[in-house]
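The structure appears right after this line, and notes come after that.
Side-chain atoms are counted along with the backbone in the values below, which use heavy atoms only and exclude waters and symmetry mates.
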Amino acid sequence: MSADLFKDIVSHSKEYGFIFQSSEIYDGLSGVYDYGSYGVELKNNIKAYWWKAMVQNHENIVGLDSAIMMHPLIWKASGHVDAFNDPLVDSKASQKRYRADVMIEEALEKIMAKADKEIEKARKRFGDAFDENKYKTENPRVAEYIQQYNTINQKFVDAMGKGDMPALKAVIEELEIADPVSGSREWTDVRQFNLMFHTQLGNIAGEEGKLYLRPETAQGIFVNFLNVQKTTRQKLPFGIAQIGKAFRNEIIARQFIFRMREFEQMEMQYFVQPGTEMEWYNYWKETRMKWHRALGTPESKLRFHDHENLAHYANAAVDVQFDFPFGFKELEGVHSRTDFDLRSHQELSGKKLQYFDPETNESYVPYVVETSVGLDRMFLALLSNAYTEENVPDADGKDSTRIVLKFHPALAPVKCAILPLLKNNDDLTGLARKIFDDLKFNFLCQYDEKDAIGRRYRRQDAIGTPYCVTIDHQSLEDQTVTIRERDTLKQERIHMSKIREIVADGIDFRHLFA
RNA sequence: GCGGGAGUAGCUCAGGGGUAGAGCAUUAGCUUCCCAAGCUAAGGGCCGUGGGUUCGAUUCCCAUCUCCCGCUCCA
């Protein structure tokens with residue numbers, strides 16, 4: 001059921017120009033998608049809503065658009081170079097996947113644990129006379145454990161240092177590591193997965209010119225922290241917001257635009273006085289949830305999910321999850337990032353990244369609370385939530401189905417369709433054209449005279465247009481038109497001079513901030 | 001990446017060893033004053049791609065690419 005719904009949404013996205021597979025005529029490019037003409041409108045509207053909520057409505061949050069390409073040392077400082085080069089290995093028996101380095105470390109710890117156990121036993125036996133160092137070298141069993149640990153650990157460290165995957169596999173075999181699920185010792189080759197895409201600067205490929213495409217926008221904010229703070233004269237706490245592309249070489253990109261290799265983030269880093277970070281963490285957690293709920297998304301489809309395993313930089317982390325057709329998944333992350341990033345950059349660059357607090361008269365590295373929404377995920381969440389198949393009465397009053405995208409009017413790609421009731425009447429089409437030419441300066445409108453009026457309404461429903469204005473014979477006499485509301489199908493006859501006001505009010509972002 | 005399923009018109013799909021169909025959609029014309037209307041006509045597919053078997057492959061076999069489901073990962 002939900003799998004079918006998901007397929008329907010994917011088909012609808014293509015058929016109505018929201019999302020296309022990248023490079024489709026060349027068989028596509030895995031995990032990359034293009035946004036079609038209505039898709040880009042929706043996406044731009046989501047960005048506008050976020051930017052208004054974050055930058056425009058907070059005097060102490062300012063924008064930034066940092067470059068995708070950055071100095072490679074930034075990714076060294078951020079931990080991405082070291083922390084996201086995972087060697088992975090699969091069990092052939094159970095097909096379970098494991099981190100090779102984690103598995104080896106665990107096996108090595110077990111060996112050390114055996115040695116420690118022997119030592120503890122001996123300590124109890126010999127009491128005060130026990131000489132641990134002597135025992136370690138002279139007891140054959142303990143000495144062997146330690147010897148084994150040292151030699152294998154050395155091989156492990158060497159292999160990791162060189163990125164030698166076959167050597168890692170050899171270590172796994174030497175340690176006789178078995179898959180905990182199947183008990184099998186049959187492993188695939190160890191493979192390296194690099195999270196970041198490489199590219200190079202200049203014409204000559206070499207270590208010096210090696211660059212990464214950013215895997216998150218946040219670092220562009222951190223390295224500009226002082227530039228922005230000084231030029232905008234901000235005092236703590238204050239935030240820097242950025243919307244931009246990021247790239248991750250995902251092991252497996254799946255579920256349509258949910259996990260893509262090229263994607264877009266809407267991030268805000270909020271710089272706070274150390275010690276106040278949890279206060280702000282809670283503030284942003286609630287504030288961001290309100291932002292999502294304001295769009296009319298049912299409460300049952302949004303929830304918090306606390307992180308149990310924290311990333312290397314965080315001391316608290318929570319996801320805002322949305323109930324996608326394939327289950328509850330992360331939509332946005334709110335993270336307390338401590339001073340990890342700024343401190344790392346300060347150390348590696350040798351430049352001070354500190355804030356001078358005039359109140360306490362001291363300088364310190366601020367703590368950071370991050371909010372990070374996946375723009376593409378937001379798009380998919382809105383699309384999933386908006387997609388509705390429902391029965392409505394047809395011309396004879398019988399049931400017919402329609403597919404309608406019930407976007408919040410402020411986010412809908414096209415705001416208003418202008419429809420002359422008949423195509424073969426110059427007076428009707430002429431007046432409709434005049435209305436269209438006037439309204440098009442205010443918002444995205446569509447003029448459509450093709451096909452029966454009912455079909456045109458359905459076409460607009462399929463792309464989520466909130467208002468349809470129809471020009472009929474009465475319009476020629478008294479300058480009134482009918483305006484149809486997408487969700488209720490209700491029509492109201494209004495004077496044509498009122499159209500702009502009604503549509504403008506309906507699509508006003510203001511309603512999202514009530 | 002592993003296992004399973006799928007790829008035929010823009011969309012949803014049928015078919016089948018002898019170079020392809022339906023419905024909807026699209027375009028044009030006529031008709032029609034309000035929720036997928038009717039009539040007429042047109043355009044659009046080397047049946048995902050490459051190889052093999054065969055006199056002949058879109059159909060059978062192999063490989064590959066892409067998508068879906070599960071496992072796994074997710075700053």
Side-chain angles (χ1 to χ4, degrees), chain A residues 2-4 6-8 10-17 20-33 78-80 83-84 86 88-99 181 188-189 191 193 195-196 214-219 246 248 250-256 258-259 265 267 307 309-314 317 319 326 329-330 333 335 337 340-341 370 372 374 392-398 400-403 419-425 428 450-462 468 470-476 481-482 484 486 489-491 493:
Chain A
S2 62
D4 291 337
F6 186 43
K7 278 189 176 177
D8 290 344
V10 174
S11 294
H12 191 86
S13 298
K14 185 185 176 190
E15 188 169 4
Y16 287 93
F20 307 123
Q21 165 101 59
S22 164
S23 317
E24 196 183 23
I25 64 168
Y26 289 100
D27 278 345
L29 184 62
S30 182
V32 185
Y33 290 88
S78 70
H80 287 81
F84 296 100
D86 301 338
L88 300 180
V89 63
D90 296 347
S91 164
K92 285 182 180 171
S94 68
Q95 270 120 33
K96 293 275 179 195
R97 165 163 300 164
Y98 302 92
R99 287 263 301 267
V181 174
T188 62
D189 288 340
R191 287 162 306 220
F193 287 95
L195 175 95
M196 292 190 287
R214 67 180 176 204
E216 63 173 17
T217 52
Q219 298 304 326
R248 294 182 193 176
E250 298 284 353
I251 295 167
I252 186 74
R254 281 277 186 80
Q255 275 147 340
F256 198 38
F258 181 79
R259 177 168 293 110
Q265 295 181 306
E267 287 198 319
H307 277 219
N309 300 320
L310 296 171
H312 59 275
Y313 53 72
D319 289 344
F326 39 84
K329 299 276 184 184
E330 178 185 354
H335 296 211
R337 289 183 82 129
F340 175 88
D341 299 279
E370 166 190 277
S372 174
V392 292
D394 66 10
D396 304 321
K398 284 185 289 193
S400 68
T401 61
R402 70 162 181 167
I403 292 172
L419 315 170
L421 191 58
L422 298 175
K423 179 173 72 161
N424 61 356
N425 181 317
L428 289 177
K450 171 77 181 163
D451 294 316
I453 189 71
R455 181 169 301 196
R456 281 180 274 167
Y457 286 143
R458 299 298 172 88
R459 265 207 291 268
Q460 295 301 329
D461 289 342
C468 288
T470 304
I471 290 81
D472 59 17
H473 289 89
Q474 194 181 329
S475 311
L476 302 174
V481 296
T482 59
R484 168 205 189 249
R486 179 193 67 204
L489 303 173
K490 278 192 184 136
Q491 283 184 292
R493 184 164 284 278

Atom [atom1], compared across [N] and [M]: separation rounded to whole Å:
N     : M     : atom1 : value
B:U59 : B:C46 : C1'   : 15 Å
B:U49 : B:C34 : C1'   : 49 Å
B:A63 : B:C68 : P     : 22 Å
B:G10 : B:U27 : P     : 15 Å
B:A20 : B:A28 : P     : 29 Å
B:U19 : B:C11 : P     : 26 Å
B:G50 : B:A36 : P     : 44 Å
B:G18 : B:G56 : P     : 14 Å

Candidate nucleotides [options], ranked by approach to the side chain of [X] - the nearest:
X      : options             : answer
A:S11  : B:U31, B:U12, B:C34 : B:U12
A:E216 : B:C35, B:A75, B:C11 : B:A75
A:R337 : B:A75, B:C33, B:C67 : B:A75
A:R259 : B:C69, B:C73, B:U12 : B:C73
A:L422 : B:A75, B:C11, B:U32 : B:U32
A:L421 : B:C68, B:A28, B:C34 : B:C34

How long is the straight-line distance from [atom2] of [Y] back to [atom1] of [X], given to the nearest 0.5 Å?
X      : Y      : atom1 : atom2 : result
A:R486 : A:R402 : CZ    : CZ    : 8.5 Å
A:T217 : A:Q265 : OG1   : CD    : 4.5 Å
A:T470 : A:L422 : OG1   : CG    : 11.0 Å

Which part of the nucleic acid, if any, lies within reach of [X] when heavy atoms closer than 4.0 Å are counted: base, sugar-phosphate only, or nothing?
X      : answer
A:I453 : sugar-phosphate
A:N425 : nothing
A:G17  : nothing
A:Y33  : sugar-phosphate
A:S30  : sugar-phosphate

d([atom1], [X]; [atom2], [N]) in whole Å:
X      : N     : atom1 : atom2 : result
A:R456 : B:A37 : CZ    : P     : 11 Å
A:Q474 : B:C33 : CD    : C1'   : 11 Å
A:E15  : B:U12 : CD    : P     : 7 Å
A:Q255 : B:C69 : CD    : P     : 5 Å
A:D451 : B:U26 : CG    : C1'   : 10 Å
A:K14  : B:U66 : NZ    : C1'   : 12 Å
A:Q460 : B:C34 : CD    : C1'   : 15 Å
A:L428 : B:U32 : CG    : P     : 13 Å

Tell me whether the side-chain N or O atoms of [X] pair up with the base of [N] as donor and acceptor below 3.5 Å, since no angle test is needed here.
X      : N     : value
A:R484 : B:C34 : no
A:R455 : B:A36 : no
A:T482 : B:C34 : yes

Suppose we define a pair by two distances each less than 3.5 Å, Watson-Crick or G-U wobble; what does [N] pair with here?
N     : value
B:G23 : B:C11
B:A6  : B:U66
B:C71 : B:G1
B:A37 : none
B:U59 : none
B:G17 : none
B:G44 : none

NZ/NE/NH1/NH2 to OD/OE distance under 4.0 Å, A:E216 and A:R337: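 So A:E216 pairs with A:R337 through a salt bridge.
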
Using only side-chain N and O atoms of [X], determine if any of them is under 4.0 Å from OP1 or OP2 of [N].
X      : N     : answer
A:R459 : B:U26 : yes
A:K423 : B:U32 : no
A:S372 : B:A75 : no

Check: A:D8/A:S11 side-chain N/O donor and acceptor closer than 3.5 Å: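 No pair is found: no donor N or O on one side chain lies under 3.5 Å from an acceptor on the other.
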
Of A:D461 and A:E267, the one whose closest RNA chain B nucleotide lies more 5':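 Closest to the 5' end, via its nearest nucleotide, is A:D461.
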
Residue mapping more 5' on RNA chain B - nearest nucleotide basis, A:R458 or A:V10: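 Result: A:R458.
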
Full working for side-chain contact (heavy atoms from CB on, under 4.5 Å) between A:R259 and A:K329: CA-CA 11 Å; A:R259 177 168 293 110; A:K329 299 276 184 184; over 6 Å; no

Derivation and outcome, side-chain contact (heavy atoms from CB on, under 4.5 Å), residues A:H473 and A:N425: CA-CA 10 Å; A:H473 289 89; A:N425 181 317; 3.6 Å; yes

Check against side-chain contact (heavy atoms from CB on, under 4.5 Å), A:K450 and A:R459: CA-CA 11 Å; A:K450 171 77 181 163; A:R459 265 207 291 268; 4.0 Å; yes

Full working for side-chain contact (heavy atoms from CB on, under 4.5 Å) between A:R484 and A:D461: CA-CA 11 Å; A:R484 168 205 189 249; A:D461 289 342; 3.0 Å; yes

